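Note sheet for the following structure.
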Number of protein chains: 4
Amino acid sequence: MIEYALNYCLAMARPKSEDKRNAILAAAIQVIAELGASAPTAKIAQRAGVAEGTLFTYFSTKDELFNQLYLEIKTEMHEAMLSTYPRDAALKERARHIFTGYVAWGVRHPAKRKTIAQLGVSERVTAESRAEGMRMFAEFGALLDESIAAGALRDLPQQFVASIMAALADTTMEFVGREPERAQRYTDSGFEAFWNAITH
Amino acid sequence: MIEYALNYCLAMARPKSEDKRNAILAAAIQVIAELGASAPTAKIAQRAGVAEGTLFTYFSTKDELFNQLYLEIKTEMHEAMLSTYPRDAALKERARHIFTGYVAWGVRHPAKRKTIAQLGVSERVTAESRAEGMRMFAEFGALLDESIAAGALRDLPQQFVASIMAALADTTMEFVGREPERAQRYTDSGFEAFWNAITH
Amino acid sequence: MIEYALNYCLAMARPKSEDKRNAILAAAIQVIAELGASAPTAKIAQRAGVAEGTLFTYFSTKDELFNQLYLEIKTEMHEAMLSTYPRDAALKERARHIFTGYVAWGVRHPAKRKTIAQLGVSERVTAESRAEGMRMFAEFGALLDESIAAGALRDLPQQFVASIMAALADTTMEFVGREPERAQRYTDSGFEAFWNAITH
Amino acid sequence: MIEYALNYCLAMARPKSEDKRNAILAAAIQVIAELGASAPTAKIAQRAGVAEGTLFTYFSTKDELFNQLYLEIKTEMHEAMLSTYPRDAALKERARHIFTGYVAWGVRHPAKRKTIAQLGVSERVTAESRAEGMRMFAEFGALLDESIAAGALRDLPQQFVASIMAALADTTMEFVGREPERAQRYTDSGFEAFWNAITH
DNA sequence: AATGAATGAGAATTCATTCAT
DNA sequence: AATGAATGAATTCTCATTCAT
C-alpha cells in the first residue's frame, strides 16, 4: 500500500520482473531442446506465458536472448562443478568431484544439456560469448596442472585438458541418459578413463 | 543448327548426372559450414551452379539432402580411418592408425567437420541416419575389445568406447585446427590420452 | 522526509503541465523532421524527456498529436507573417512583408518546415485540420484582391492566389536553405516573381 | 510449341514478366495514393494480383520498389511535357506547351500525382533518385533561359525557375482537380502567372 | 498525473517447394 | 531433366495503446 503510494510519487511503473525474464529463459531452454536453435521466438514467448512482444522488452533481439542464455547455462554448469568443492581432499578426489558434479548436473538437466549443444554450434552465439564461456572452464585445467605434469599431456595447454574433460563428461552424460540405471557405473568409469588419460 | 539441337534434346532423355548430385553435396558442405544448418537450399543450389529447382530433382526435400549428406560424410570419415589399415600390426598400432586417420581427415577437411557438427545436432537428421552413422563407428569398439578387457571400461558397451574415441579425436582436431604447427604433438598426445583412458 | 513527500504527493492533484505539452510538441517537430511522419511515439516521448505513456495523457492518440501539431505550426507561420504588419504601407509593401515574413520564418525554422511538409501529405492529418490551416492563408488572398483585380488571376478564387504565394514562398525557402549566402537575392526575386505573377 | 521445345533445351523457366512488374507498380501507385507512403507491401501485392512473396522477386526491397516507382513516374511526367513539343513555335508557346502538358498529365493521373507527392517527402526515396528526378526538370530551366534573361529571376539558377514552374503547375493541378469544369481557365491563368513571374 | 512494462496486431522479408516453360 | 518465377506460410521485430503501480 505504502509501496504503491511511494511508487505513485516517484512515478515508477511496473518494474521489469525477474520472474518473467527467468520464465523466458526457461521456456527457451525447453523449446530449443525440442526444436533446435531455429526455435521461433513466438513459441518461446508462448511457452513462457508472455506475449510475443514481451520477449523483446527483456531481450532486444533473438541473438541477445541466445547469448545470454548460453552464458547463463554455462555459469550454472560451472557452479554445479564447484558446489561443495572439497578444498582439502586429495587431488584425485577433487578432480572426481568436478567431473562428477558436471555429469550429475547434465543428467539432472537434460534440456539444458541439449540446449547448450545447440547453442554451441549456433551462428547466433558470438565469439565473445564463447570466449567468456570457455574462460570458466579453463580454470579447471589449471586445477589439474599437478596431475598433468607427468602425463601424456604435459606441456599442452590447460584448455586442451579442460576440453578433454568436457568431452569425456559429455560422452558419459549421454550414456547415463540412455541407461540411467547404470549411472554410477558410467560415471565412475568415465572419470577413471579421464584420470588415466591425463595422468599416465 | 537449331533444329539439330532440338532433335538432340528431344531424342535423348537426359539422365540424372552424378556430377550434379556431387556438386550439390559439395556445395551444401561449404554453405552449411558457413551458415549452419539453416543454410537455404537456394544458396546451396547457387553454389553448386544449378537452378533452385534442380536441387529438388536430386533430393526430394531439404531433409533428404541433409540426411544423405550426413551419411556420405560419415562414410568418408569411416573410410579415412580404415584406409591402409595395418591388419597385422600390434593392437596399439592399429588403434593409433584409426585415431590418427580420423584426426588427419578432420584436419584436412575442416568444412566437412563443421558440417558434421552442425548436422549432428540438427533436427533434420533422423534417428535412423544417426543410428546408421553410429554403427560404422561401433565396429571400432569391437576392434578394441582386447585392449579394453583389463581397463576401466571393461563390461561397458563398445559404443561407449567408440564415443570416447570420437570425443577425444574431435577435441584433438579442434586444437590442431587452432595451432596447426603443433599438429603432431596434439595428435600423439590425444592418442596416448585415449589409449591410457581405455587400457588402464 | 519520505512522509512529507508522500503527503505532498497525495495532497496535490498534479495539474497537466503546459511545459510538458510543449516539450512533446517540440520533440515531435524534431523527430518528424528526422524520420518523417512514421516517427514512433516512443521516440517522441523520449526526446521530450517524458515516459511513453505520458504522451497519451496530453494527446489521446497519435493522430491527435499530429493534428494539433499541424495547426500549431500553421498558426505560428501565420503569426510570423502578420507580426509587425505595416497596415498603412503601400499594397506591394504589405504583400512583400507577408511574403518575406513567411520565407524568413521558414528559413529560421527548418525542422518545422520539414515537419509541415510531412504532415501536409500525411493521412493522419484530417480534412478539418487542413481546412482550418488553409483558412488562415485564405485571408491573404483577400488582402491581395486589389492587386489581383487587373492581373491574370482575376475572378479566380483567393485561395488560388494564396496557394500560389505559398508555393512560391516554399520554393524560395528551399533555395535559401541551400544557399543561405544568397538569401536576400532569392527572397527579393521570389517576391518579385510572385508579384509579377499576380498583378500582370 | 517450338518455343516450348526451345525453352526445354535451353532449360529456361518462365521469364520474369514485364506485365507483372507493371501490375505491381500500378498497384503501388493506387495504394500509395490511398494510404500514403506507409502502404504495406502486402496490400500492394494483393492489389496487383500477385502473392506477397512475388513482389520481392521483382523488387528486392520496399525501398527499391519505391525508388523505381519514383523514377518511373518522373520519367513519365517528363515525357508528357515533351510529347509533341513544337520545336519551331515561339518561345512562349513552347513554354506553354510544357506547362500545359504537365498540368494535363497531372489532371489525367491524379493517383500518380498524389503518389509522387508522397514519395517526394518519403525517407525511402534516396538522394540519388531525387537528383536523377531533378535532372530531368532542370533542362526546362535551360529551355527558358531566353525568357528569363530580362526578368526578375535573371542570374538565379535554372533550377530555381524549374522549381517555380513545378510549384505553379502543381498548384494549378490541384485546383483543376477540385473544379474540373474550370480546367481551361485555371490552366491558362496558371501559365500566365508563371510567364509573368519569370519574364518581367 | 507519471511511469514504462505488457500487449498483439501488423510489417517486411525469407524460404522450401511447386510448376509452367 | 533443367530452369527460375510463383507461392504463402512462417519469422523476427515494431509500435500505438493500455494499465498496473
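Below, read A as the first sequence line, B as the second, and so on, with proteins coming before strands; counting in each chain starts at 1. Computed from a predicted model, the values in this text were never measured in an experiment.
When the nucleotides F:dT17, E:dA12, F:dA5 are ranked by their closest atom to the side chain of D:Lys16, F:dA5 comes out on top. Each of E:dT3, E:dA6, F:dT7 was ranked by its minimum atom distance to the side chain of D:Thr57; first place goes to F:dT7. The side chain of C:Val50 lies closest to E:dT3, out of E:dT3, F:dA5, F:dT17. Nearest to the side-chain atoms of B:Thr54 among the listed nucleotides E:dA16, F:dT12, F:dT3 stands F:dT3. For A:Thr41, the side-chain atoms get nearest to F:dT12 when compared with the rest of F:dT12, E:dC15, F:dA2. Listed nucleotides: F:dA16, E:dA1, E:dT18. Nearest to the side chain of C:Arg124: F:dA16. Nearest nucleotide to the D:Phe56 side chain, out of E:dA12, F:dT12, E:dA5: E:dA12. The D:Glu52 side chain lies nearest to E:dT13 when the options are E:dT13, F:dA2, E:dA1. Considering only side-chain atoms of A:Arg14, the nucleotide from E:dT3, E:dA5, E:dA12 that sits closest is E:dA5.
Atom-to-atom, CZ of A:Arg21 to P of E:dA6 comes out at 13 Å; the value is rounded to the nearest Å. Protein atom CG of B:Asp63 is 7 Å distant from nucleotide atom P of E:dT17, rounded to whole Å. If you take CD of A:Glu64 and P of F:dT12, they are 15 Å apart, rounded to a whole angstrom. Rounded to an integer number of Å, the gap from NZ of D:Lys20 to C1' of F:dA5 is 7 Å. Rounding to whole angstrom units, CG of residue A:Leu65 and C1' of F:dT11 are separated by 15 Å. Going from atom NZ of A:Lys62 over to atom P of F:dT14 covers 15 Å, rounded to whole Å. Going from atom CG of A:Leu55 over to atom P of F:dT14 covers 12 Å, rounded to whole Å. Computed from coordinates, the C:Ile24 CD1 to E:dA1 C1' distance equals 12 Å when rounded to whole Å.
Shown here, F:dC15 forms a base pair with E:dG8; the pair counts as Watson-Crick or G-U wobble because both key distances fall under 3.5 Å. Taking a pair to require two hydrogen-bonding distances under 3.5 Å in either a Watson-Crick or a G-U wobble arrangement, E:dA1 remains unpaired.
Counting only distance, with no hydrogens or angles, the side chain of B:Arg130 and the backbone of B:Gly120 share a donor-acceptor pair below 3.5 Å. Of the possible donor and acceptor atoms, one in the side chain of C:Tyr58 sits under 3.5 Å from a partner among the backbone N and O of C:Ser17. In this structure, the side chain of A:Thr75 engages the main chain of A:Leu71 through a donor-acceptor pair within 3.5 Å. When atom types are taken as modelled, the side chain of C:Thr115 and the backbone of C:Ile32 share no donor-acceptor pair closer than 3.5 angstrom. For the pair C:Arg124 (side chain) and C:Ala37 (backbone), a donor-acceptor distance under 3.5 Å is absent. Counting only distance, with no hydrogens or angles, the side chain of D:Asp63 and the backbone of D:Val125 share no donor-acceptor pair below 3.5 Å.
Note on D:Ser38: nothing from the nucleic acid sits closer than 4.0 angstrom, heavy atoms only. Nucleic acid contact for B:Thr61: sugar-phosphate only, since backbone atoms but no base atoms lie under 4.0 Å from a heavy atom of the residue. Contacts of A:Phe59 with the nucleic acid, taken as non-hydrogen atoms under 4.0 Å apart, are absent. Contacts of D:Ser17 with the nucleic acid, taken as non-hydrogen atoms under 4.0 Å apart, are absent.
Each of A:Ala39 and C:Gly53 was matched to the nucleotide of DNA chain F holding its nearest heavy atom; the match closer to the 5' end belongs to A:Ala39.
Note on D:Tyr58: a side-chain N or O is less than 4.0 Å away from OP1 or OP2 of F:dA6.
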